[in-house]
Amino acid sequence: MRTPLVVGNWKMHLSRDEAGALAGEIRNKLDISPDQVGVAVCPPFPYLSAVHAVLAGGPVALGAQDGHWAPQGAYTGWVSMQMLVDVGCRYVIIGHSERRQFAQETDTDIGKKVKAGLGQGLAVILCVGETGPERDGGITYDVVMRQLSGALEGLSGAECDNLIIAYEPVWAIGTGKTATPAMAQEVHSFIRSWMEKRWGFGAAQKLIILYGGSVKPDNMRTLAAMHDIDGALVGGASLGAQGFLEIVRQADAGKR
Ligand code: PEP
């Protein structure tokens with residue numbers, strides 16, 4: 001059985017003090033054990049160390065929102081996977097739609113980042129998902145398949161032990177529109193079958209597939225009740241401890 005995971009993506013929000021306080025409240029009030037639901041938060045880069053200090057030794061893991069593929073070098077403004085490990089990250093989000101859109105990240109760039117993150121022992125959360133026009137045009141599966149093959153080219157199942165997929169329909173991110181549990185389940189199941197063809201039944205069954213896109217306390221339970229939905233990547237609703245913790249509880253409830 002897969003242990004569900006709930007990850008908060010804080011994007012470019014909060015001050016240093018607010019980030020520390022939010023992490024502290026989540027750590028102190030979390031009432032679900034890590035073997036029921038894994039929990040991680042991904043603050044902006046400058047706050048990683050401060051948040052790590054607050055979370056250290058507790059059940060909430062630290063993640064970053066991106067990382068470069070090169071171990072070091074002349075890449076002004078970027079941060080390497082080694083640096084993320086160095087400041088205590090266990091997770092890294094790669095290929096978020098906001099980076100595909102605003103930083104023009106390609107599937108090739110994303111593939112290099114995925115390999116670099118896995119190579120450093122990070123759990124890589126690879127985001128895939130279609131835009132509204134792509135869904136309306138009936139090409140959701142083509143888009144998701146292209147994103148998966150581009151990002152995972154050349155990787156074996158064994159190398160991807162630490163890989164997590166986040167299915168995030170772009171039209172649902174930050175819009176208040178959520179995919180219905182049935183719609184999300186269809187794509188999650190497609191992703192798992194795609195992985196099975198590539199890496200075999202065992203690897204596909206172990207793969208954690210998160211849903212992302214306007215997840216809230218009141219929709220997490222029905223989403224998590226779906227067979228192939230193993231938790232969530234949460235943006236806006238991860239910026240308040242109470243709501244985020246309720247999402248964690250609902251992820252657990254949905255699997256019971
Ligand atoms: C995200 O940023 O990954 C996300 C899913 O955002 P939101 O929950 O705000 O839609």
Side-chain angles (χ1 to χ4, degrees), residues 4-14 18-19 22 26 37-45 47-48 51 61-67 89 91-103 105 110 113-114 117 122-132 134-135 140 143-144 147-148 151 163-181 183-185 187-188 191 208-224 226 228-251 254:
L5 174 68
V6 174
V7 179
N9 173 13
W10 293 356
K11 309 195 185 191
M12 199 171 71
H13 290 294
L14 306 172
E18 287 165 344
L22 177 57
I26 293 170
V37 181
V39 178
V41 294
C42 302
F45 287 139
Y47 307 148
L48 285 170
V51 171
L62 184 69
Q65 300 171 20
D66 185 36
C89 287
Y91 294 89
V92 61
I93 299 170
I94 297 295
H96 191 281
S97 64
E98 286 152 15
R99 296 209 52 87
R100 293 178 191 261
Q101 185 184 350
F102 303 127
E105 284 191 9
I110 291 164
K113 290 179 173 195
V114 168
L122 288 162
V124 170
I125 302 170
L126 167 65
C127 301
V128 298
E130 80 288 1
T131 62
E134 286 166 342
R135 173 160 283 266
T140 295
V143 170
V144 168
Q147 292 171 334
L148 290 173
L163 177 73
I164 293 159
I165 304 290
Y167 168 58
E168 299 208 301
V170 180
W171 50 269
I173 296 179
T175 57
K177 290 185 207 158
T178 321
T180 62
M183 273 160 86
Q185 164 61 27
V187 183
H188 282 229
I191 293 171
I208 300 278
I209 310 177
L210 308 179
Y211 169 77
S214 298
V215 169
K216 303 271 179 315
D218 61 5
N219 57 25
M220 182 75 263
R221 188 182 184 135
T222 48
L223 285 160
M226 295 290 125
D228 290 297
I229 300 183
D230 307 313
L233 179 54
V234 186
S238 70
L239 293 170
Q242 224 183 309
F244 184 65
L245 289 165
E246 190 52 30
I247 289 173
V248 175
R249 285 183 210 109
Q250 293 305 320

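We count ligands from 1, going down the list as the structure has it; atoms in each ligand are counted the same way. Values in this document were obtained by computation on a predicted structure and should not be read as measured data.
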Response to the item:
The residue among I229, T180, L210 that forms side-chain contact (heavy atoms from CB on, under 4.5 Å) with L223 is I229
Worksheet entry | Identified side-chain contact (heavy atoms from CB on, under 4.5 Å) counterpart of I208 within the set I125, L163, I164 | I164
What residue and heavy atom of the protein are closest to [atom], and at what distance?
| atom | result |
| --- | --- |
| atom 1 (C) of ligand 1 | H96 NE2, 3.2 Å |
| atom 5 (C) of ligand 1 | E168 OE2, 3.1 Å |
| atom 4 (C) of ligand 1 | G235 N, 3.6 Å |
| atom 9 (O) of ligand 1 | G236 N, 2.8 Å |

Item to complete: Answer yes or no: is there an ion pair linking R135 with E130, defined by an N-O contact shorter than 4.0 Å?
Response: yes
Worksheet item: Are any of the side-chain nitrogens in E246 or K216 under 4.0 Å away from the carboxylate oxygens of its partner?
Response: no
Discussion item. Donor-acceptor check, side chain of N9 to backbone of V234, threshold 3.5 angstrom: yes or no?
Written reply: no
Discussion item. Below a 4.0 angstrom heavy-atom separation, can you tell me which part of I173, side chain or backbone, both or neither, approaches ligand 1?
Written reply: both
Worksheet entry | Part of A172 within contact of ligand 1 (heavy atoms, under 4.0 Å) | backbone
Discussion item. Using a plain distance cutoff, I'd like to know if K11 has any nitrogen or oxygen under 3.5 Å from a nitrogen or oxygen of ligand 1.
Written reply: yes
State the atoms of ligand 1, each with its element, that fall below the 4.0 Å cut-off from a heavy-atom position in [X].
| X | answer |
| --- | --- |
| G174 | 7 (P), 9 (O), 10 (O) |
| G213 | 5 (C), 10 (O) |
| L233 | 3 (O), 5 (C) |

Worksheet item: Is H96 close to D66 at the side-chain level, that is, under 4.5 Å between some pair of heavy atoms?
Response: no
Fill in: T175 side chain near I173 side chain, heavy-atom distance below 4.5 Å
no
